[in-house]
Amino acid sequence: MKHGQRDGDGFPIPVAFVHHNYDRLVSALNLINVNYPNITRLYTVGKSVQGRDLYVLEVSTSPGRHEPGKPEFKYVANMHGNEVIGREMLLLLAQYLCQNYGIDQRVTRLVDGVRIHLMPTMNPDGYEISNQGIKDVNDVVGRDNANRVDLNRNFPDNRHSLHLSKQEPETKAIIEWIKSIPFVLSANLHGGALVANYPFDSSAIDGNSNPQASYTPDNDVFVLLAKTYSMNHPKMHLDSNKCANDTTSFKDGIVNGASWYSVVGGMQDFNYLNTNCFELTFELGCTKFPFQSDLEGYWLDNREPLLTFMEQVNRGVKGFVLDDKGHGVRNADISVVGIEHPVKSASDGDYWRILVPGDYEISVTAYGYKRKTQSVHVNNSTVPTWLNFTLLKENLDEWSQVNDFGLRSNVIKMNSYNTRALFLSNLKELENSLSNVAELVTTPSSLDHDSEKTIQFKVTENVGSPDEFKFKIAILGGLYINEPATREILLFLARHYVEGYRKKDKDIVSFLSKAVLHFIPYFEQNENSYEKICSTDDQAVVTAPLLIATNQQDEQKTTDNLWKMLQREQFDMMFSLEGGSISIKGPTIHPRNTISIILQDYEELYYSNLKNTCGEPLDRKINDVKQNVLDTFNNVLKIKTMALRLTCCNYIDPLETVFVWMDSFHMLKVIIENIQGVQGSVVDKLGKPIRNAVVTINMFADVYSVTPNSAVFKAHLPIGLYNIHVKATGYLMKSIPISVHRGIITNMKVIMSHVGHGSVTLGLNALVKGSVMDIENRPIEGAIITDDSSSSVSSTYHNGTYKLYLGEGIRTLRVNAHGYYTSIKSINIQDDKPQTMIFKLIKDERVFNMPRLMFIVLTVFIISIIGVSWYHFYLRWKTGRPSSFAYRNGFALLPQKPYLFDDDDEVELFRNPVIKDSVTRPYHDDSDISFTDSSEESVSCYVR
């Protein structure tokens with residue numbers, strides 16, 4: 001261990017205590033990374049609204065790589081742009097750790113034993129408009145992001161199903177980040193108060209305006225962690241009011257978030273509910289944006305608690321979950337008896353469980369393995385107690401008997417994936433085994449080439465009989481050519497439901513009486529045109545999804561047939577089985593779409609069975625395609641679609657498929673069978689179906705059409721209270737309150753009252769007529785026109801025309817059509833004279849959520865950059881000039897023959913004198929680089 005002198009602030013090399021705007025922050029982070037390349041890595045997890053990178057500085061002995069057994073820790077600061085103390089503290093902490101590594105024994109032990117991630121700013125846009133020196137904690141300039149959204153209210157909240165906000169770019173980036181790395185412990189650094197805040201941040205009751213404590217199952221752990229920070233801070237633990245705005249004192253300097261005031265959608269609750277990570281929020285000072293002359297004092301106050309809190313990541317129990325061959329078991333469930341909060345093992349089988357001192361019983365379960373329970377004593381120490389588990393393989397036949405009706409065909413290890421022909425053969429055999437429940441359909445039947453037909457395998461009670469009243473659920477597998485295991489899981493599921501019905505399993509019989517399952521295996525015409533590797537980021541591999549994402553599905557026959565089938569069937573819900581991560585994904589969130597809230601319900605079901613233990617994703621570009629496919633299915637086809645991602649790799653060895661099936665079996669069953677909401681029919685007083693009725697639900701923008709025969713509607717809804725509005729031209733609008741409970745379908749018959757000719761009763765006596773066309777003046781058939789303030793509704797004929805009766809006043813008309821953006825117009829009805837209104841709808845032709853023109857321009861730009869770069873390197877190679885990479889780490893000598901032109905006859909510009917037997921070396925300037933900022937131009941306030 002080296003020893004050296006340090007200044008009073010703890011730095012061997014003195015640092016400047018100054019504020020850093022974004023540019024200076026980036027420069028400072030790069031400088032640290034350049035000076036300490038062996039123990040740091042600078043990376044970005046995404047961008048802010050205004051395009052600023054969300055940088056993270058990793059400090060570890062293995063930059064860029066998770067070391068098995070080494071815990072992951074993170075600090076996040078500046079979530080509110082005007083709360084800047086944490087931002088500067090993390091920059092100082094980074095320098096402190098790097099300068100003292102190898103010199104200070106404590107710092108060296110910390111960096112050697114923990115992989116540390118420091119994010120100085122989560123809201124760089126807000127910082128740039130914040131004001132220095134403002135002491136009013138209610139000042140909010142710069143608090144929110146550039147879209148004026150409070151990022152600490154923007155996270156999904158599993159405890160509050162009605163909470164939903166469109167997630168901001170910063171929030172999305174953080175969510176992906178914390179789900180991709182197995183973080184164990186974390187803190188979110190704020191300002192405006194002086195207290196250590198621990199979860200839950202939100203009260204248990206929605207809309208509760210009075211502060212009321214809400215504790216996690218790990219409350220003892222969180223209290224210990226909060227006190228670790230506050231008691232090591234010279235002021236935070238004092239009981240007296242510490243800030244001018246304090247309305248209460250915080251005993252020992254800690255507080256349960258919900259008992260202070262309720263924050264729904266906060267980041268620390270999200271961490272605890274959705275990952276293995278325990279996160280707290282530390283309020284570091286009364287002034288949100290102090291003068292830089294005060295920064296040294298803040299550093300001296302917070303240096304010790306920052307270090308001590310990081311050391312707590314090793315408190316409790318850690319170890320490995322292994323199989324009988326010594327291989328790590330990923331995604332094993334580690335639960336402590338008496339504490340209802342299991343954690344999951346990471347990709348190498350390593351796990352960490354923070355616990356207060358005491359004696360515990362810890363159980364480990366993993367699908368495909370037998371449960372194992374061991375006793376352990378945990379000391380009051382930050383030296384972890386090691387506890388390894390070796391699990392014995394579950395007998396596959398035993399597992400099948402308990403869970404899968406003894407289906408041997410679902411647990412036989414596969415040596416290769418089924419071809420299309422073999423897959424069809426399996427489905428035909430399954431259909432023949434129980435033809436009253438299963439039916440194989442290939443469409444369109446007119447095609448000569450079977451390889452271009454779309455395959456559907458329907459499973460329901462009394463298959464083939466009218467099923468208007470049943471929920472239609474599609475399960476799609478194999479859409480991504482390099483994920484063939486998802487097709488096999490599809491086949492396993494189909495066998496499971498058919499066999500369950502055959503054996504009269506009461507849950508499956510009940511489920512299939514109210515639902516039709518459509519299993520859709522997708523095959524590319526060239527089934528094996530992909531590389532059999534774990535992950536790929538080559539978008540060209542996934543032809544069909546790329547065509548769907550870019551609205552070009554008609555360019556390939558198999559994709560076009562799939563699209564037309566989905567368009568024709570109009571499923572109530574669709575699940576796409578995928579790989580590449582262990583997660584559930586939905587379309588881009590929109591607060592007024594039911595799918596966005598339903599996704600939250602499903603996330604809770606999903607992550608209670610599985611947590612992402614895959615590590616950092618390798619296929620970000622393909623993930624962009626996947627997200628756009630989900631958006632297209634939801635926004636263009638209007639099918640509520642979610643992706644269930646089952647494996648860390650895109651491609652897995654066929655032998656592993658049975659274990660993926662066992663791992664994901666319970667999760668798939670729970671999610672697929674979780675139908676809830678309302679179904680019913682719309683009839684007049686004589687019982688005749690009203691086939692032009694439409695149904696809307698308060699809060700949501702979704703419009704539900706009734707079926708063409710019995711006028712049936714079905715709406716899959718999240719848990720809650722709603723008003724259903726039923727409209728039909730010539731009938732009084734009807735509103736019905738309903739309550740939706742988990743797994744319950746409310747059945748109803750809506751009887752509409754006729755208003756008579758001319759709609760005099762409601763004053764709907766003004767005729768509005770017109771047409772709905774696209775921008776090329778082509779008529780759009782089947783578009784639905786509704787009046788937001790009355791029962792009036794109409795749809796367009798084959799020539800695009802419509803008629804609609806309205807009452808007097810300003811009316812808002814809304815037009816919806818599949819594949820087009822919604823159009824909204826207002827009209828002022830002042831008399832009974834007919835009026836004409838023309839709607840022109842714009843086709844939804846977004847490519848990766850970008851306008852098509854922008855996508856083309858961006859693509860051309862990127863190709864140009866690649867071409868210029870290639871040409872540049874080609875010229876260097878041809879002329880024998882060294883690459884600029886030779887100079888990456890410093891200065892280098894000029895080449896001995898640097899010609900300005902390629903012509904050998906040109907005059908040599910420079911010549912270095914070379915002395916015989918001398919050695920030429922690059923020149924490096926070893927002088928220290930000093931970076932200071934004395935300016936006062938930093939500009940960047942209190943609610944958590």
Side-chain angles (χ1 to χ4, degrees), residues 161 399-407 410 427 430-431 433-441 456-476 489-520 569-575 577 594 598 601-602 604-606 608-609 640 642 644 661 664-681 704 707 710 712-720 722 738-749:
S161 60
W399 181 90
S400 180
Q401 288 293 338
V402 172
N403 298 284
D404 199 19
F405 309 112
L407 282 167
N410 278 2
L427 291 179
L430 194 55
E431 177 189 35
S433 71
L434 202 64
S435 57
N436 63 320
V437 169
E439 180 184 11
L440 176 61
V441 179
Q456 277 191 80
F457 189 74
K458 297 169 64 174
V459 178
T460 187
E461 186 175 66
N462 298 320
V463 69
S465 61
D467 53 17
E468 281 184 279
F469 284 90
K470 294 180 181 179
F471 277 81
K472 297 173 68 174
I473 302 171
I475 307 164
L476 176 63
I489 301 296
L490 200 74
L491 180 57
F492 295 168
L493 271 170
R495 287 178 182 146
H496 175 81
Y497 282 104
V498 171
E499 189 64 19
Y501 192 92
R502 186 202 315 279
K503 294 192 172 176
K504 302 301 178 187
D505 178 88
K506 62 178 183 179
D507 292 332
I508 287 181
V509 170
S510 172
F511 175 60
L512 293 181
S513 68
K514 57 189 179 185
V516 186
L517 295 179
H518 294 249
F519 296 97
I520 306 169
E569 293 286 355
Q570 283 300 298
F571 298 108
D572 299 299
M573 183 69 73
M574 183 162 72
F575 301 102
L577 305 186
T594 55
I598 292 171
D601 284 349
Y602 279 80
E604 185 176 351
L605 295 171
Y606 186 97
S608 63
N609 286 274
K640 295 180 175 64
M642 298 179 198
L644 305 179
W661 166 239
S664 53
F665 171 80
H666 292 285
M667 178 275 296
L668 290 170
K669 288 266 294 174
V670 166
I671 286 184
I672 291 170
E673 295 176 19
N674 183 52
I675 336 180
Q676 62 197 34
V678 61
Q679 68 172 193
S681 58
Y704 300 87
T707 58
S710 302
V712 174
F713 66 91
K714 293 160 288 180
H716 191 121
L717 299 172
I719 298 168
Y722 305 99
I738 64 160
S739 177
V740 176
H741 303 278
R742 177 158 326 270
I744 303 296
I745 298 173
T746 301
N747 292 288
M748 61 174 61
K749 179 179 283 190

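Ring geometry for Trp399 against Phe665 counts as perpendicular: the plane angle is over 60°, on a 0 to 90° scale with 30° as the lower cut.
Under the 4.5 Å side-chain criterion, counting only non-hydrogen atoms from C-beta, Ile675 is not in contact with Asp572. Counting heavy atoms from C-beta outward, Phe571 and Ile520 have side chains that approach closer than 4.5 Å. At a threshold of 4.5 Å between non-hydrogen side-chain atoms, the residues Phe713 and Val678 count as touching. Residues His496 and Phe492 are not in side-chain contact: their nearest non-hydrogen atoms beyond the backbone lie 4.5 Å or more apart.
In plain terms, the two heavy atoms of Gly677 and Val740 that are nearest each other are N-CG1, 3.9 Å. The two residues Leu644 and Ile671 make their nearest non-hydrogen contact at CD2-CD1, 4.1 Å. When all heavy atoms are compared, the tightest approach of Ile598 to Pro718 is CG1-CD, 3.7 Å. In plain terms, the two heavy atoms of Tyr704 and Lys640 that are nearest each other are OH-NZ, 3.3 Å. Closest non-hydrogen pair, Val498 versus Ser433, comes out as CG1-OG, 4.2 Å. Looking at every heavy atom in both residues, Ile672 comes nearest to Ile473 through O-CD1, 3.9 Å.
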Would you mind writing out the side-chain donor-acceptor pairs for residues 504-517 within the sub-3.5 Å range, not counting sequence neighbours?
unit_1 : atom_1 : unit_2 : atom_2 : d
Asp505 : OD2    : Asp507 : N      : 3.2
Asp505 : OD2    : Ile508 : N      : 3.0
Ser513 : OG     : Ser510 : O      : 2.5

When the side chains of residues 462-469 are checked against the rest of the protein, which donor-acceptor pairs come out under 3.5 Å, sequence neighbours left out?
unit_1 : atom_1 : unit_2 : atom_2 : d
Ser465 : OG     : Asn462 : O      : 2.6
Glu468 : OE1    : Ser710 : N      : 3.4
Glu468 : OE1    : Ser710 : OG     : 3.0
Glu468 : OE2    : Thr707 : OG1    : 2.3
Glu468 : OE2    : Ser710 : N      : 3.1

(message) Does Met573 form a side chain to side chain contact (heavy atoms under 4.5 Å, CB included) with Phe471? I'd like the steps, not just the answer.
(response) CA-CA 8 Å; Met573 183 69 73; Phe471 277 81; over 6 Å; no
(request) Evaluate the side chain to side chain contact (heavy atoms under 4.5 Å, CB included) criterion for residues Asp404 and Trp661: first the C-alpha distance (whole Å), next the side-chain angles of each, then the deciding distance (0.1 Å), finally the verdict. (result) CA-CA 11 Å; Asp404 199 19; Trp661 166 239; 3.4 Å; yes
(message) Let's go through Arg495 and Glu499 carefully: what are the C-alpha distance in whole Å and the side-chain angles of both, what is the deciding distance for salt bridge (charged side-chain N to carboxylate O under 4.0 Å, His left out) to 0.1 Å, and is it a yes or a no?
(response) CA-CA 6 Å; Arg495 287 178 182 146; Glu499 189 64 19; over 6 Å; no
(message) Using the rule given for side chain to side chain contact (heavy atoms under 4.5 Å, CB included), can you reason through Arg742 versus Asn674, listing the C-alpha separation, both sets of side-chain angles and the distance that settles it, and then say yes or no?
(response) CA-CA 7 Å; Arg742 177 158 326 270; Asn674 183 52; 3.7 Å; yes
(request) Under the side chain to side chain contact (heavy atoms under 4.5 Å, CB included) rule, what do Leu577 and Ile475 come out as? Steps first, then yes or no, please. (result) CA-CA 7 Å; Leu577 305 186; Ile475 307 164; 4.0 Å; yes
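Residue His741 holds its NE2 atom at 9.5 Å from CD1 of Ile738, rounded to the nearest 0.5 Å. To the nearest 0.5 Å, atom OH of residue Tyr501 and atom OG1 of residue Thr460 are 8.5 Å apart. Between the CG atom in Leu440 and the NZ atom in Lys458 there is a gap of 11.0 Å [rounded to 0.5 Å]. To the nearest 0.5 angstrom, Lys669 atom NZ is 9.0 Å from Leu493 atom CG. In this structure, OG on Ser681 lies 9.5 Å from CG on Asn747, to the nearest 0.5 angstrom.
For the side chain to side chain donor-acceptor pair (under 3.5 Å) test, no residue two or more places apart in sequence or in another chain qualifies with Glu431.
Within the 3.5 Å criterion, the main-chain N or O of Glu569 finds a donor-acceptor partner in the side chain of Lys472.
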